[in-house]
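Down below is the structure, laid out as structure tokens.
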Amino acid sequence: MENMCNICPRRCNVDRSVKTGFCGQKNVLRVARAAAHFWEEPCISGAGGSGTVFFSGCNLRCVFCQNSQISSGGFGKDISVKKLKEIYERLIDFGVDNINLVTPTHFTDLIIESLDEELPVPVIWNSGGYDSVETIKKLEGKIDVYMPDLKYMNSETARKYSSAPDYPETAVSAITEMFNQVGKSRFDSDGMLKKGVLIRHLILPGNVENTLDVIDWVSGNFNSGDVLFSLMRQYTPPAFDTGFKELSRRVTDAEYERCEDYMYLAGIEDGFVQDISSAESEYTPPFNLEGVE
């Protein structure tokens, strides 16, 4: 039926006009924060900050999620498409370098509606990587920069930590389509990313082999200069019990150095690394409806 939601790989097939899907959201935009953010990669944040719009809900169930207040808790405010367009305008007037749509997948159709007019800054699709190819194809011409996670290359790890055993094949198919759309990375004279794909990977403690597998896939499927790769060590143990002992600590120096060395040996030079100071709670913004009310 026309109203049944199958926009993400969960394919809930529920009418979100009357009930929530796996994402925890009905088919009404819900936003928890909309403000300039200065802690993204340098080619994203820039001098003016990245105009981040944090959507509530998520189609993953990551046990270590730093944004659980909004991803599974559902905190946020319901807004109209018109209001979302006004948020874009306000952020652009503030001087942000881009509009950064964070965890947007389950609101794809409404977001497309909000982008009916071209914006004067790049639009970024900042997702967990768990997107269907069909959904990414619907976004062609609307998105300038894709910034997906590539969390796992092991199905059992994806099942254990994110309740998504099909994550590896789903994410790599989506990322391939993203690249097919926007092509190689292109920057302006200030070094800001204007077009392209930036793949992010968060190293999880005790899961170095998963990271090495991710690096192998990226290096084996893209040539130098095709995409950017961000190797992140900002994992911070959540205050709640994840149920997995290995996730109760930070990534060690030895773990990170092994991953970083492997990345360089694999020939990945276009991207970013993080120092240990990134693994601090202040890198998670407060979800207080800033810019929404």
Side-chain angles (χ1 to χ4, degrees), residues 3 5-8 15-38 40 44-46 48-60 67 69-128 130-132 134-148 178 181-182 193-194 284-293:
N3 291 331
C5 183
N6 291 296
I7 198 69
C8 89
D15 184 351
R16 285 173 58 205
S17 67
V18 296
K19 64 182 293 187
T20 61
F22 184 93
C23 60
Q25 298 296 306
K26 291 185 177 180
N27 196 31
V28 178
L29 292 164
R30 177 169 285 195
V31 176
R33 176 183 170 88
H37 187 53
F38 294 89
E40 305 284 30
I44 301 297
S45 290
S50 181
T52 49
V53 181
F54 285 88
F55 294 98
S56 305
C58 185
N59 66 351
L60 289 171
N67 296 349
Q69 179 186 3
I70 65 172
S71 63
S72 57
F75 174 81
K77 181 179 180 180
D78 292 347
I79 64 170
S80 65
V81 170
K82 180 182 177 182
K83 176 65 174 178
L84 181 57
K85 295 172 76 170
E86 291 172 356
I87 287 173
Y88 299 158
E89 292 171 3
R90 179 185 58 78
L91 289 170
I92 291 167
D93 287 345
F94 181 79
V96 298
D97 288 292
N98 45 62
I99 294 297
N100 186 346
L101 308 172
V102 185
T103 320
T105 303
H106 47 293
F107 294 127
T108 296
D109 291 334
L110 295 171
I111 288 171
I112 289 173
E113 188 178 343
S114 77
L115 296 171
D116 59 343
E117 297 180 10
E118 186 177 358
L119 299 182
V121 297
V123 178
I124 299 174
W125 185 262
N126 184 344
S127 79
Y130 197 53
D131 297 303
S132 68
E134 293 79 11
T135 292
I136 299 303
K137 286 183 175 180
K138 293 173 70 171
L139 294 165
E140 187 164 9
K142 302 291 185 181
I143 302 300
D144 301 290
V145 175
Y146 285 102
M147 197 158 66
M178 293 171 184
Q181 279 185 27
V182 297
L193 186 60
K194 294 299 182 183
T284 301
F287 299 116
N288 53 9
L289 301 181
E290 179 180 354
V292 182
E293 294 187 310

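Values in this document were obtained by computation on a predicted structure and should not be read as measured data.
- Counting heavy atoms from C-beta on, the side chains of P148 and M178 come closer than 4.5 Å.
- The two residues C8 and N59 have their closest heavy-atom pair at CB-ND2, 3.4 Å.
- Nearest heavy-atom pair across V123 and D144 is N-OD2, 2.8 Å.
- R30 places no side-chain N or O within donor-acceptor distance of the main-chain N or O of G57, the cut-off being under 3.5 Å.
- Here the side chains of R90 and D93 are not in contact, with every heavy-atom distance at 4.5 Å or above.
- Defined by atom type and a distance below 3.5 Å, a donor-acceptor pair is present between the side-chain atoms of D131 and T105.
- In terms of the ring pair (Phe, Tyr, Trp, His ring centres under 6.0 Å) criterion, residue partners of F287 (sequence neighbours excluded) are, by chain and number, F54.
- Put simply, the side chain of S56 never gets that close to the backbone of I70: no donor and acceptor are under 3.5 Å apart.
- The closest side-chain heavy-atom distance from E134 to I7 is not below 4.5 Å.
- Remark: E40 CD to T52 OG1 distance equals 7.0 Å, nearest 0.5 Å.
- Inter-residue side-chain proximity for V121 and I99 is flagged as met; some heavy-atom pair is nearer than 4.5 Å.
- Counting all heavy atoms, side chain and backbone alike, K83 lies closest to V292 at CE-O, 3.2 Å.
- Residues that satisfy the side chain to side chain contact (heavy atoms under 4.5 Å, CB included) test with T20, not counting sequence neighbours, are K26.
- Residues L139 and Y146 form a side-chain contact, since some pair of their non-hydrogen atoms from C-beta on lies under 4.5 Å apart.
- A distance-only check finds no donor-acceptor pair linking the side chain of R33 to the backbone of N288 [under 3.5 Å].
- Rounded to the nearest 0.5 angstrom, I92 CD1 and I87 CD1 are separated by 12.0 Å.
- Two residues are said to be in side-chain contact when any heavy atoms from C-beta on lie closer than 4.5 Å; W125 and M147 fail this criterion.
- Across every non-hydrogen atom of A36 and V96, the tightest pair is CB-CG1, 4.0 Å.
- The minimum heavy-atom distance linking L29 with I111 is given by the pair CD2-CG1, 4.5 Å.
- Taking the side chain to side chain contact (heavy atoms under 4.5 Å, CB included) definition, one finds that K142 meets it with I112, L115, sequence neighbours left out.
- Nearest heavy atoms, R16 versus C5: NH1-SG, 3.4 Å.
- Looking only at side-chain heavy atoms (C-beta outward), P104 and S127 come within less than 4.5 Å of each other.
- A donor-acceptor pair under 3.5 Å is formed between the side chain of S71 and the backbone N or O of N67.
- A donor-acceptor contact shorter than 3.5 Å is absent between the side chain of D78 and the backbone of V28.
- A search for side chain to side chain donor-acceptor pair (under 3.5 Å) contacts involving T103 returns nothing, not counting sequence neighbours.
- Between the side chains of N3 and S17, no donor-acceptor pair is found at a separation under 3.5 Å.
- Residues passing the side chain to side chain donor-acceptor pair (under 3.5 Å) test with E86: none are found, sequence neighbours excluded.
- Contacts classified as ring-ring contact (aromatic ring centres under 6.0 Å, His included) and involving residues 81-102 (residues at least two apart or in different chains) are not found.
- Without hydrogens or angle criteria, N126 side chain to N100 main chain gives no donor-acceptor distance under 3.5 Å.
- Contact check for I143 versus I124: no side-chain heavy atoms found under the 4.5 Å cut-off.
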(request) Might you work through the side chain to side chain contact (heavy atoms under 4.5 Å, CB included) test for V53 and L84, ending with a clear yes or no? (result) CA-CA 9 Å; V53 181; L84 181 57; 4.1 Å; yes

